[in-house]
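Reviewing the structure listed below.
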Amino acid sequence: MLVSQAFAQTAQAVSNQNMSTGSDMMSMAVQFILIILIVYFLLIRPQQKRIKQHEIELNAIIKGTKIIVAGLVGTVVEVLEDNKLRVELADGVQVTVMRPYVSQVIFDTPASTKKKKA
């Protein structure tokens, strides 16, 4: 008699667990989707925006633009074909640089020139 009651209670507990497993799976799926969305909006999307902005800056390089290449600051003297730039690093020191290797483009804004004059 006691054994059959124990089996009956065990069977009822197992059926209750099976019912709750479906809702657990659903909540895990929702949590997984939320984690993916958070990673996308905090890491992937800003990185894509930075890459796109850097490409726009690289395409906007003209003669006289100041750039940074491998830690060296120089001024573009001539824009050559095949994504090449002739850059003057110091008086009389000119090097040819491939456009994709430019790490940063320095745009002089009116606010920064006013600070330099003052």
Side-chain angles (χ1 to χ4, degrees):
M1 180 78 116
L2 292 175
V3 173
S4 63
Q5 287 178 353
F7 281 129
Q9 289 175 352
T10 306
Q12 185 179 11
V14 168
S15 66
N16 288 342
Q17 285 179 352
N18 288 339
M19 287 182 198
S20 66
T21 304
S23 64
D24 288 344
M25 293 295 284
M26 185 63 135
S27 68
M28 285 177 53
V30 169
Q31 289 175 355
F32 185 69
I33 291 171
L34 285 174
I35 289 171
I36 289 174
L37 287 174
I38 289 170
V39 166
Y40 175 77
F41 282 108
L42 291 179
L43 297 176
I44 298 170
R45 189 165 178 244
Q47 183 66 26
Q48 288 175 341
K49 281 186 170 184
R50 264 186 247 122
I51 290 170
K52 206 179 272 189
Q53 180 64 29
H54 186 66
E55 287 177 5
I56 291 170
E57 289 175 356
L58 288 180
N59 292 330
I61 293 175
I62 57 172
K63 182 179 178 181
T65 306
K66 289 189 176 191
I67 60 172
I68 298 176
V69 180
L72 301 171
V73 179
T75 305
V76 176
V77 176
E78 184 179 3
V79 178
L80 305 171
E81 69 281 341
D82 298 332
N83 282 334
K84 293 180 183 175
L85 305 169
R86 183 155 323 233
V87 179
E88 184 174 43
L89 300 175
D91 291 334
V93 179
Q94 293 185 357
V95 295
T96 302
V97 177
M98 298 297 290
R99 192 181 294 249
Y101 289 101
V102 174
S103 60
Q104 187 177 355
V105 180
I106 302 171
F107 294 107
D108 285 333
T109 59
S112 65
T113 56
K114 287 180 184 177
K115 290 179 183 176
K116 290 178 183 178
K117 290 180 182 178

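Both backbone and side-chain heavy atoms feed into the values below; hydrogens, waters and symmetry mates do not. These figures come from a predicted structure and were not determined experimentally.
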Problem set entry | Main-chain N/O of Gln94 paired to Arg86 side chain as donor or acceptor, under 3.5 Å | no

For this session: Assess the side chains of Arg45 and Gln48: does a donor N or O sit below 3.5 Å from an acceptor N or O?
Result: no

Problem set entry | Close side-chain approach of Val102 and Glu57, heavy atoms under 4.5 Å | no

Problem set entry | Check: Ser103 side chain, Ile68 main-chain N or O, donor-acceptor pair, under 3.5 Å | yes

For this session: Have a look at Phe32 and tell me which of Ile36, Leu34, Ile35, Val30 forms a side-chain contact (heavy atoms from CB on, under 4.5 Å) with it.
Result: Ile36

For this session: Give, for atom CD1 of Ile38 and atom CD1 of Ile44, the distance between the pair rounded to the nearest 0.5 Å.
Result: 12.5 Å

Problem set entry | From CE (Met28) to CG (Asp24), nearest 0.5 Å | 8.0 Å

Exercise. To the nearest 0.5 Å, how far apart are NZ in Lys84 and CE in Met98?
Worked result: 6.0 Å

Problem set entry | From Leu85 atom CG to Leu80 atom CG, the distance as rounded to the nearest 0.5 Å | 7.0 Å

Exercise. OG1/Thr75 to NZ/Lys66 distance, rounded to the nearest 0.5 angstrom?
Worked result: 5.5 Å

Exercise. Hey, is CG on Leu43 packed in by over 12 heavy atoms from elsewhere, all under 6.0 Å?
Worked result: yes

For this session: State the CZ-CD1 distance between Phe107 and Ile61, to the nearest 0.5 angstrom.
Result: 7.5 Å

